[in-house]
Amino acid sequence: MMEQTKQELLESKGWKIGTVSDFLELTPEEIIFVEIKLALSKSLKSQRQKIMTQSELATKIGSSQPRIAKAENGDPSVSLELLIRAMLATGATPQDIGQIIAGVG
């Protein structure tokens, strides 16, 4: 949290102070969904790096290396389906995926 005096100074100069969700006007459900996708992306990258390259994973799931890179970096264009298929291909179980989702929020 920002110091009150600093926040007041910035606001007096015309700056708007808030969270990402304030600026994007996200609903609570949208915020959680974004957090879930980011948690899955982070986990995918961590797990994949231990056992294979992005290209190997892409071949395994019928995708492309750039798409895997986007999945690992939380690109919003990547579907939840691709994230889950990629995670399963790296050896994650449905229980592992569930734990990641349950840890969000």
Would you kindly say whether Glu11 and Gln7 are connected by a side-chain donor-acceptor distance under 3.5 Å? yes

As an exercise, state the distance from CD1 of Ile100 to CD of Gln47, rounded to the nearest 0.5 Å. 9.0 Å

Set of residues satisfying side chain to side chain donor-acceptor pair (under 3.5 Å) with respect to Thr27, sequence neighbours excluded: Glu29, Glu30

Just verifying a value: how many Å separate Glu3 CD and Leu9 CG, rounded to the nearest 0.5 Å? 11.0 Å

Checking side chain to side chain contact (heavy atoms under 4.5 Å, CB included) for the pair Phe33/Leu80: CA distance, chi angles, key distance, verdict? CA-CA 10 Å; Phe33 185 72; Leu80 196 51; 3.8 Å; yes

Go through Leu44 and Leu57 one step at a time and tell me if the side chain to side chain contact (heavy atoms under 4.5 Å, CB included) criterion holds. CA-CA 11 Å; Leu44 171 62; Leu57 177 56; 4.0 Å; yes

Find the distance between NZ (Lys6) and CD (Glu8) and round it off to the nearest 0.5 Å. 13.5 Å

Testing the basics here: between Ala71 and Val78, what is the closest heavy-atom pair and its distance to 0.1 Å? N-CG2, 3.6 Å

Would you say that Lys50 contacts Ser46 through its side chain, given a criterion of any heavy-atom pair below 4.5 Å between the two side chains? yes

With a cutoff of under 4.5 Å between side-chain heavy atoms, which Ile, Leu, Val, Met, Phe, Trp and Tyr residues group with Leu38? Val34

Where the side chain of Lys60 meets the backbone of Ala89, is there a donor-acceptor pair that is under 3.5 Å apart? yes

Nearest 0.5 Å, what's the CG-CD distance between Leu83 and Glu72? 9.5 Å

Might you work through the side chain to side chain contact (heavy atoms under 4.5 Å, CB included) test for Ser77 and Arg67, ending with a clear yes or no? CA-CA 9 Å; Ser77 70; Arg67 198 83 189 127; 3.3 Å; yes

Flag for Arg48-Ser43: side-chain donor and acceptor within less than 3.5 Å: no

Between Glu35 and Val104, the two heavy atoms sitting closest are CB-CG1, 3.5 Å

If you look at every heavy atom in Ser64 and Ala58, which pair is closest and at what distance? C-CB, 3.3 Å

CD1/Ile61 to CD/Glu56 distance, rounded to the nearest 0.5 angstrom? 13.0 Å

Leu40 versus Met87: any side-chain heavy-atom pair under 4.5 Å? yes

Could you check whether Glu81 pairs with Arg85 (Lys NZ or Arg NE/NH1/NH2 to Asp/Glu carboxylate O, under 4.0 Å)? yes

Close side-chain approach of Asn73 to Lys45, heavy-atom, < 4.5 Å: yes

Side chain to side chain contact (heavy atoms under 4.5 Å, CB included) between Leu88 and Ile97, worked out: CA-CA 9 Å; Leu88 293 170; Ile97 295 167; 3.8 Å; yes

Going through the checks in order, is the side-chain hydrogen bond (donor to acceptor under 3.5 Å, both in side chains) test met by Gln99 and Gln95? CA-CA 6 Å; Gln99 286 181 339; Gln95 291 76 17; over 6 Å; no

